[in-house]
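Here is the structure we will look at, set down as structure tokens.
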There are 2 protein chains.
Amino acid sequence: MLDFNKCPCSGNNLDKLVQPTILTILAQEDLYGYKIVQRIAESPMFKGHKPDGTGVYRTLKAMEQRGLVISSRSLTDTGPAKIFYHITKEGEECLSHWINTLEEYRQIIGMMLAEVHNVCAKIKRSTDNVNLTQD
Amino acid sequence: MLDFNKCPCSGNNLDKLVQPTILTILAQEDLYGYKIVQRIAESPMFKGHKPDGTGVYRTLKAMEQRGLVISSRSLTDTGPAKIFYHITKEGEECLSHWINTLEEYRQIIGMMLAEVHNVCAKIKRSTDNVNLTQD
DNA sequence: TCAAGCATAAGACATTCTCCTATAGTAGAT
DNA sequence: ATCTACTATAGGAGAATGTCTTATGCTTGA
């Protein structure tokens with residue numbers, strides 16, 4: 001039997017939206033990787049379930065190379081070394097681009113939804129008809 | 001200078017939604033790979049730009065292995081061999097699951113949008129203030 | 001007969017994801 | 001005192017995905 005929990009139809013496909021999530025977090029305050037992981041976990045799309053830490057650290061480094069954020073080691077702190085990330089002007093610009101893109105995504109998903117609804121309703125009707133005939 | 005056209009903030013991140021798109025297409029009529037590629041291209045998220053054919057063919061095979069669709073070679077046709085795909089009961093069930101998932105995605109993106117809007121407005125205000133002070 | 005489009009698909013490389021492991025410091029419990 | 005759990009970062013490896021090139025062979029029209 002098909003396990004729909006392991007099917008993309010049950011979600012867990014919004015991974016690529018981690019980047020705007022990080023930018024949104026950093027637009028509000030400078031933070032280090034570990035805390036960013038926790039904040040991402042709190043975001044609506046992760047619902048408390050932490051994303052892979054390694055992935056986030058690597059994403060942050062990639063984002064720094066692309067000039068969206070800059071990092072600095074914390075000097076004041078005792079405890080394990082933290083690497084704080086600060087959003088750049090380009091990062092802010094990138095985030096404002098995301099508004100258009102997210103709006104487009106929402107529209108596209110809305111259109112898909114309308115179509116899927118439509119198609120599923122048709123399927124249901126024809127299934128019901130079969131059942132009626134059989135009864 | 002950062003090229004935002006190559007940034008995910010400019011879109012092209014909805015690749016994983018190819019599967020529900022295929023299911024939606026096949027829920028309406030049996031079709032073969034090449035035509036499916038064209039239909040996907042027509043879908044709102046691809047805006048006329050064709051997805052990679054190899055990828056679609058492989059996705060279809062994977063979907064068949066998962067029991068969402070079944071294939072059959074066309075017998076009647078002259079011309080190059082076509083492999084028609086037909087949606088299964090499980091495929092239809094999967095598609096109906098997608099309704100919930102897409103609805104959730106739309107909600108999540110809506111929440112993200114609200115937050116990004118909010119944050120960008122703050123950034124804009126503080127930038128404006130700096131400009132005012134400078135003038 | 002030549003080019004363009006139809007139709008499928010393997011190969012190969014790049015990118016991305018995820019799991020496992022390693023490090024090292026801190027805080028609280030037993 | 002020492003042990004466990006948590007904080008904090010990160011490399012390595014293999015799996016999964018994505019994408020580009022190439023190959024095959026048929027059809028249609030110039």
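Note on naming: letters A, B, ... go to the chains in the order of the sequence lines (proteins, then strands), and numbering restarts at 1 for each one.
- Rounded to whole Å, the distance from OH on Tyr85(B) to P on dA7(C) is 14 Å.
- At whole-Å resolution of the value, CZ in Phe46(B) and C1' in dG18(D) are 11 Å apart.
- Every residue two or more places apart in sequence or in another chain that forms a side chain to side chain contact (heavy atoms under 4.5 Å, CB included) with Asp30(A) is listed here: Phe84(A), His86(A).
- One atom, NZ of Lys82(A), and another, C1' of dT23(C), lie 17 Å apart when rounded to the nearest Å.
- How far OG1 of Thr24(B) is from CH2 of Trp98(B): 9.5 Å, rounded to the nearest 0.5 Å.
- For the pair Lys89(B) and Glu92(B), the salt-bridge criterion is met [side-chain N within less than 4.0 Å of a carboxylate O].
- Rounded to the nearest 0.5 angstrom, Arg66(B) CZ and Glu90(B) CD are separated by 9.5 Å.
- Atom-to-atom distance recorded for Leu68(A):CG and Leu26(A):CG is 10.0 Å, nearest 0.5 angstrom.
- The distance between atom NE2 of His49(A) and atom P of dC17(C), rounded to the nearest whole Å, is 14 Å.
- Separating the CD atom of Gln65(B) from the P atom of dT17(D) is a distance of 12 Å, rounded to the nearest angstrom.
- Listed by chain and residue number, Gln19(B), Ile22(B), Met63(B) satisfy the side chain to side chain contact (heavy atoms under 4.5 Å, CB included) test with Thr59(B) (two or more places apart in sequence, or in another chain).
- Sorted by residue number, the members of residues 50-64 of chain A with any non-hydrogen atom under 4.0 Å from DNA chain D read Thr54(A), Tyr57(A), Arg58(A), Lys61(A).
- The nearest whole Å value for the distance from the CD1 atom in Ile83(B) to the C1' atom in dT24(D) is 14 Å.
- DNA chain C is contacted by Tyr32(B), Gly33(B), Tyr34(B) of residues 29-37 of chain B, taking any non-hydrogen atom closer than 4.0 Å.
- Between Arg73(B) atom CZ and dC26(D) atom C1' there is a gap of 13 Å when expressed in whole angstrom units.
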Show me, pair by pair, the donor-acceptor contacts under 3.5 angstrom made by side chains of residues 31-44 of chain A, not counting sequence neighbours?
unit_1: Arg39(A); atom_1: NH1; unit_2: Glu29(A); atom_2: OE2; d: 3.0
unit_1: Arg39(A); atom_1: NH2; unit_2: Glu29(A); atom_2: OE2; d: 3.1
unit_1: Ser43(A); atom_1: OG; unit_2: Ile40(A); atom_2: O; d: 2.7

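- With sequence neighbours excluded, the residues that form a side chain to side chain contact (heavy atoms under 4.5 Å, CB included) with Ile83(B) are Ser71(B), Arg73(B), Tyr85(B).
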